[in-house]
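The structure appears right after this line, and notes come after that.
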Amino acid sequence: MKRTDLAELGEFGLIERIQKKVEYRQPSTVMGIGDDAAVIDSGTSFTLLSTDMLIEGIHFDLAYTPLRHLGYKSVAVNVSDIAAMNGLPTQITIGLGLSNRFSVEAVDEIYEGIYAACENYNVDLVGGDTCSSRSGLIISVTAYGTVDKDRVTYRKGAQDNDVLCTTGDLGAAYMGLQILEREKQVFLENPNMKPELEEHEYLVGRQLRPNGRTDIVHELREKGIVPTSMIDISDGLASEILHLSQHSEKGFTLFVDNLPIDNHTLMAANEFNLSPITPAINGGEDYELLMTIAQKDYDLVKSIPEITPIGFVTQEKNNILVTNSGEKVPLTAQGWKHL
Ligand code: ADP
Ligand code: MG
């Protein structure tokens with residue numbers, strides 16, 4: 001029998017392959033595989049359902065990841081996927097793979113972070129599963145959420161001339177990771193050196209303890225705005241724009257000049273001899289929301305300071321990056337490909 005390497009398909013190719021063969025039997029399945037969360041008709045509203053897994057050595061390094069932050073992050077990244085459907089989380093379940101390296105106190109610490117996230121996002125931890133693992137720590141979280149039927153927002157739905165917007169600032173989590181990796185190397189070479197993390201608190205915090213933007217879901221509801229399409233930025237801005245483009249069957253034009261980049265990110269990029277545009281466009285894990293807004297709603301959106309316009313939607317399916325000097329180049333993604 002033919003044997004194909006996983007790397008040949010990549011993460012997205014593999015998901016597409018699974019998706020092609022799946023059969024939906026329940027009329028209540030409104031959206032299955034292919035968006036940030038599944039959408040299930042529960043009568044008066046839609047229920048949202050999403051799973052994300054964090055694996056030691058792939059998604060986090062325990063050399064510099066406090067367990068409390070890890071617990072918090074495992075919930076936040078799932079909340080982010082629920083927010084990306086314009087919904088709010090209600091319950092989570094947690095699957096935990098543990099090796100005998102971990103103590104009861106270590107598990108307590110992970111759960112301290114999980115409880116803090118539950119409090120912050122107003123969700124209930126209602127179950128899970130615990131087993132032993134031979135390959136380090138594994139945390140898999142499933143989040144349930146809810147959204148009004150007339151407010152659900154998919155990756156598809158962007159229309160010509162819509163305004164492309166992002167929340168927050170971009171590239172900080174990537175620079176945070178670079179700083180943590182650098183300090184780890186310094187520490188390995190000289191264990192007496194104390195890591196210099198204080199001055200990089202913002203960036204390191206964005207990497208270790210990201211936030212799902214449920215605040216934006218509330219703001220949009222208060223202002224009476226429903227984005228035409230939305231996704232959360234987990235793999236990097238470029239990669240997520242290409243997802244919106246593929247699902248909406250539209251093109252996107254992105255202006256480098258408009259990218260919201262925090263001063264800390266600018267300074268760190270400079271320190272690492274990187275153009276700050278690289279982490280902003282291709283860095284992952286900012287967990288901001290990327291959305292398209294109809295022209296008619298654009299004035300309302302301007303009153304939300306956390307939302308920045310960064311581009312627009314076009315009928316032609318080309319995705320274009322307009323550089324600082326006004327040059328137009330094709331937009332390509334170099335997001336995280338874990339496989
Ligand atoms: P996100 O980055 O928003 O979490 P992913 O790229 O992980 O999204 O997943 C895209 C879609 O593929 C989602 O609908 C997700 O539920 C689905 N998916 C991912 N892995 C699998 C799998 N192993 N089996 C079935 N569906 C999957
Ligand atoms: Mg997502």
Side-chain angles (χ1 to χ4, degrees), residues 4 6-7 9-26 28-40 46-55 58-60 73-89 92-95 97 121 138-145 147 152-158 164-168 170 173-174 210-214 216-217 227 229-248 282-292 333-339:
T4 314
L6 283 172
L9 277 187
E11 180 187 339
F12 298 143
L14 186 65
I15 293 173
E16 239 172 66
R17 189 181 166 94
I18 295 169
Q19 185 180 16
K20 269 193 201 133
K21 289 186 186 158
V22 81
E23 281 179 42
Y24 296 115
R25 298 184 179 81
Q26 297 290 340
S28 55
T29 304
V30 178
M31 168 61 77
I33 297 173
D35 218 298
D36 291 289
V39 179
I40 296 158
F46 284 147
T47 295
L48 303 167
L49 192 53
S50 173
T51 299
D52 262 300
M53 190 153 50
L54 298 181
I55 296 181
I58 306 277
H59 300 97
F60 59 87
K73 181 172 179 173
S74 70
V75 178
V77 301
N78 276 276
V79 165
S80 178
D81 276 325
I82 300 293
M85 307 303 291
N86 208 14
L88 293 170
I92 54 164
T93 60
I94 300 204
Y121 297 114
I138 301 172
I139 308 180
S140 173
V141 178
T142 297
Y144 297 73
V147 59
V152 68
T153 307
Y154 298 102
R155 292 177 178 183
K156 68 171 181 240
L164 178 69
C165 298
T166 184
T167 61
L170 301 175
Y174 178 86
N211 255 320
R213 301 299 313 248
T214 48
I216 298 291
V217 175
S229 70
M230 188 148 65
I231 188 169
D232 68 327
I233 305 178
S234 53
D235 291 340
L237 177 65
S239 169
E240 313 303 0
I241 289 177
L242 298 188
H243 280 311
L244 291 185
S245 170
Q246 188 192 355
H247 286 253
S248 297
N282 289 314
E285 298 204 285
D286 284 316
Y287 296 102
E288 296 295 343
L289 293 175
L290 178 70
M291 65 188 89
T292 53
Q334 289 143 20
W336 306 104
K337 297 260 178 340
H338 285 309
L339 291 181

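Quantities reported herein were computed from a predicted structural model and do not represent experimental measurements. Whatever order the structure lists them in is the order used to number ligands and atoms, beginning at 1.
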Least distance between heavy atoms, [X] atom then [Y] atom:
X	Y	answer
D232	V77	OD2-O, 4.5 Å
N78	A143	CB-CB, 3.7 Å
G34	H247	O-CE1, 2.9 Å
G212	Y121	N-OH, 2.9 Å
S80	Y287	OG-CD2, 3.6 Å

With sequence neighbours excluded, tell me which residues meet side chain to side chain contact (heavy atoms under 4.5 Å, CB included) with I216. T167, R213, L220, L289, M291, E306, I307
Starting from the N and O atoms of ligand 1, find every protein N or O within less than 3.5 Å and list the pair with its distance.
unit_1: ligand 1; atom_1: 3 (O); unit_2: D36; atom_2: OD1; d: 2.9
unit_1: ligand 1; atom_1: 3 (O); unit_2: D81; atom_2: OD1; d: 2.9
unit_1: ligand 1; atom_1: 3 (O); unit_2: R155; atom_2: NH2; d: 3.2
unit_1: ligand 1; atom_1: 4 (O); unit_2: D81; atom_2: OD2; d: 3.2
unit_1: ligand 1; atom_1: 14 (O); unit_2: G34; atom_2: N; d: 2.8
unit_1: ligand 1; atom_1: 14 (O); unit_2: D35; atom_2: N; d: 3.4
unit_1: ligand 1; atom_1: 14 (O); unit_2: D35; atom_2: O; d: 3.0

Considering the Mg ion (ligand 2), could you give the total of protein N/O/S atoms lying closer than 2.8 Å? 3
Holding to ring pair (Phe, Tyr, Trp, His ring centres under 6.0 Å), I want the full list of residues that pass it with H243, two or more places apart in sequence or in another chain. F12
Side-chain touch I40/Y144, heavy atoms, less than 4.5 angstrom: no
Step-by-step side chain to side chain contact (heavy atoms under 4.5 Å, CB included) determination, Y24 to I33: CA-CA 10 Å; Y24 296 115; I33 297 173; 3.8 Å; yes
